[in-house]
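These notes are about the structure you will find just below.
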Amino acid sequence: MVDSLGVAVIGFGWMGRVHTQAYARVPHHYPRLGLRPRLVTVAEEVPGRAEEAAAQFGFASTTRDWREIAEDPRVRAVSITAPNFLHREIGVAMAEAGKHIWIEKPVGLDAADARAVADAVAHAGVQGAVGFNYRNAPAVETARALIASGEIGRVTHVRVRLFSDYAAHPESALTWRYEKERGGSGVLGDLASHGADLACFLLGDIESLMADTAVFIPRRARPTGATAGHTRAAGGELGPVENEDYVGCLLRFASGARGVLEACRVSVGEQNNYGFEVHGTEGALLWDFRRMNELGVSRGTHYQDQPVSTVYVGPGAGEFGAFQPGAANGMGYDDLKVIEAHRFLRSIAEGKPYGATLPDAVRSAAVLEAMLRSAESGARVTVPDA
């Protein structure tokens, strides 16, 4: 027997739409899951947006006040896809109301916000999932397994990159993303949070680091109306960009491995250039999100001039088999969020966590906070225990 689980979505920008579509697709890819999500309500303060979401996706009701969801007995699980400055307040309120939460990274403005939500989830005994979707790629999970099994020997160093042009246009609107009070950090929260999670997911805890940040487009135009995504605002009043466009960071892992993490939101010519190269004493692993289903693998005893093979992941890798019947069939970004939704729902069904959790968000936030402290001081800093 399949139980129905009432879900709500708070914030219906692009990511709210992605979460909603993921809920709708879960039964198709995971028919044996004991829970079937039912879209109960959507909260969005922009006039008309919630009603459009209900008409398109079938939410039973709408609201402009997310607080009503905490009191709604129909809702057992909540997706929190609102702006960063609301994550802590909403996350804590939903957990205290006994709702399971699937919350987007970076879970607030800083590590204290992430810890507050994590503590509320733990105290309430509910499940909490976090939107670190890139770790869900089957090729990434394959890489992690190969590293753990010693296939490339002892890991010596890693490079993690996250380059994008979503903020490269000088007419990009000065939205909450560029303000410290509402967005917190800039590219650190947007992209480097994923990089920190990938680095820890693959190689374990980061012990210390040294970072540098920069703002390359210091002023942008204020929007005159509601925005979604990365819209332009030519001709609007100019205001200051308060958080970083770029971060470059040297990492030192507890294992002794070294690393480089670099992220930029204003990289002209780069669209979602995310990936990593992990090097070990006997091989290497290479992954590029734009070729998500491929993994470059070098292993053996040649050392010098050792070749790299391209492995097309298939049904035996991660969750690939839930989407495609054979290797080299493509999966995409939205599929990673379906995997995330499934793991969130499975956590609820079985009462134990699957996938990225709030402690993972706290760990990533601690790394980001250390990057900011290092950039301000110019010194190497220790990453505190999460």
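Note that the numbering runs from 1 along the sequence shown for the chain. Below, each value reflects all heavy atoms present in this structure, side chains not excepted, and no hydrogens, waters or symmetry copies. Just so we're clear, the structure is a prediction, and the values are computed from it rather than from any experiment.
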Please table the atom pairs, donor to acceptor, closer than 3.5 Å between any side-chain atom in residues 203-217 and protein atoms at least two apart or in another chain.
| from | atom 1 | to | atom 2 | distance (Å) |
| --- | --- | --- | --- | --- |
| Asp205 | OD1 | Arg363 | NH1 | 3.0 |
| Ser208 | OG | Arg380 | NH1 | 3.1 |

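- A cation-pi arrangement is present between Arg346 and Tyr354 under the rule of less than 6.0 angstrom and at most 45 degrees off the ring axis.
- Both Leu261 and Leu191 belong to a common hydrophobic cluster when Ile, Leu, Val, Met, Phe, Trp and Tyr are linked at side-chain heavy-atom distances under 4.5 angstrom.
- Counting only distance, with no hydrogens or angles, the side chain of Arg144 and the backbone of Phe201 share a donor-acceptor pair below 3.5 Å.
- Between Val160 and Val158, the closest side-chain pair of non-hydrogen atoms falls below 4.5 Å.
- Looking at Arg135 and Asp360, their side chains come closer than 4.5 Å, going by heavy atoms from C-beta outward.
- Electrostatic pairing of Arg49 and Glu52 does not count as a salt bridge here, judged by no charged N lying under 4.0 Å from a carboxylate O.
- By the 6.0 Å contact criterion, CD on Glu151 is enclosed, its count of non-hydrogen atoms from other residues, nucleotides or ligands being greater than 12.
- Under a hydrophobic-cluster definition in which Ile, Leu, Val, Met, Phe, Trp and Tyr are linked whenever side-chain heavy atoms come within less than 4.5 Å, directly or via other members, Tyr134 and Phe163 are assigned to different clusters.
- A donor-acceptor pair shorter than 3.5 Å can be found between the side chains of Asp165 and Gln271.
- Without hydrogens or angle criteria, Ser374 side chain to Val381 main chain gives no donor-acceptor distance under 3.5 Å.
- The shortest distance between side-chain heavy atoms of Met15 and Lys337 falls below 4.5 Å.
- Side-chain atoms of Thr41 come within 3.5 Å of backbone atoms of Ser61 as a donor-acceptor pair (strictly under, hydrogens ignored).
- The backbone N or O of Asp190 sits less than 3.5 Å from a side-chain atom of Lys105, completing a donor-acceptor pair.
- Taking CD of Glu96 as the start and NE2 of His123 as the end, the distance is 8.5 Å to the nearest 0.5 Å.
- The main-chain N or O of Ala116 is never found under 3.5 Å from a side-chain atom of Asp119 such that the two would form a donor-acceptor pair.
- Note that NE2 of His279 is 4.5 Å distant from NE2 of His157, once rounded to the nearest 0.5 Å.
- For Arg291, the CZ atom sits in a loose shell: 12 or fewer heavy atoms of surrounding residues, nucleotides or ligands are nearer than 6.0 Å.
- Scored by the ring pair (Phe, Tyr, Trp, His ring centres under 6.0 Å) test, His87 finds no partners at all (sequence neighbours excluded).
- Between Met331 and Phe320, some side-chain heavy-atom pair lies under the 4.5 Å cut-off.
- The residues Arg25 and Asp334 are annotated as not salt-bridged, no charged nitrogen and carboxylate oxygen being separated by less than 4.0 angstrom.
- In this structure, Phe85 belongs to a hydrophobic cluster whose other members, linked by side-chain heavy atoms under 4.5 Å apart, are Ile10, Val40, Trp66, Ile69, Val75, Val78, Ile80, Leu86, Ile90, Val92, Met94, Ile101, Ile103, Val107, Leu109, Val117, Val121, Val126, Val130, Phe132, Leu358.
- No chain of hydrophobic side-chain contacts below 4.5 Å, direct or via other Ile, Leu, Val, Met, Phe, Trp or Tyr residues, connects Val241 to Tyr246.
- With a 4.5 Å cut-off on side-chain heavy atoms, Asn84 and Trp176 count as touching.
- Shown are Leu146, Val140, Leu286, Thr310; of these, the side-chain contact (heavy atoms from CB on, under 4.5 Å) with Leu295 is made only by Leu146.
- In this structure, the side chain of Glu244 engages the main chain of Gly186 through a donor-acceptor pair within 3.5 Å.
- Remark: Phe57 pairs with Phe12 by the ring pair (Phe, Tyr, Trp, His ring centres under 6.0 Å) rule, at least two apart or across chains.
- For the pair Tyr178/Ser172, a side-chain contact is recorded, criterion being any heavy-atom separation below 4.5 Å from C-beta on.
- A salt bridge does not link Glu282 to Arg154: none of the charged nitrogens lies less than 4.0 Å from a carboxylate oxygen.
- At a threshold of 4.5 Å between non-hydrogen side-chain atoms, the residues Tyr312 and Asn293 do not count as touching.
- Sorted by first and then second residue, the pairs that involve residues 23-55 and meet ring-ring contact (aromatic ring centres under 6.0 Å, His included), not counting sequence neighbours, are Tyr23-Trp102, His29-Phe323, Tyr30-His342.
- Shortest non-hydrogen contact noted between Ala366 and Ala111 is N-CB, 4.2 Å.
- Salt bridge annotation for Arg161-Asp288: present, with a cationic side-chain nitrogen under 4.0 angstrom from a carboxylate oxygen.
- Under the 3.5 Å distance criterion, the side-chain polar atoms of Asn273 are left unmatched by any main-chain donor or acceptor of Glu270.
- Taking hydrophobic clusters as Ile, Leu, Val, Met, Phe, Trp and Tyr residues chained together by side-chain heavy-atom distances below 4.5 Å, Val311 shares a cluster with Ile152.
- Using a 3.5 Å distance cut-off with no hydrogens or angles, the side chains of Arg17 and Gln56 do pair a donor with an acceptor.
- Between Arg67 and Glu89 there is a salt bridge, since a side-chain N of the basic residue sits under 4.0 Å from a carboxylate O of the acidic one.
- Under the 3.5 Å distance criterion, the side-chain polar atoms of Arg343 are left unmatched by any main-chain donor or acceptor of Gly355.
- Counted within 6.0 Å of CG on Asp385, heavy atoms from surrounding residues, nucleotides or ligands total 12 or fewer; the atom is thus considered open.
- No chain of hydrophobic side-chain contacts below 4.5 Å, direct or via other Ile, Leu, Val, Met, Phe, Trp or Tyr residues, connects Leu238 to Leu174.
- Taking the side chain as every heavy atom from C-beta outward, Glu369 and Leu372 never approach each other to under 4.5 Å.
- With sequence neighbours left out, Trp287 forms a ring pair (Phe, Tyr, Trp, His ring centres under 6.0 Å) with Phe276.
- A donor-acceptor distance shorter than 3.5 angstrom exists from the side chain of Arg220 to the backbone of Ala167, with no hydrogens or angles considered.
- For the pair Thr142 (side chain) and Ala317 (backbone), a donor-acceptor distance under 3.5 Å is absent.
- Of the inter-residue distances, the one linking His194 atom NE2 with Leu162 atom CG reads 8.0 Å to the nearest 0.5 angstrom.
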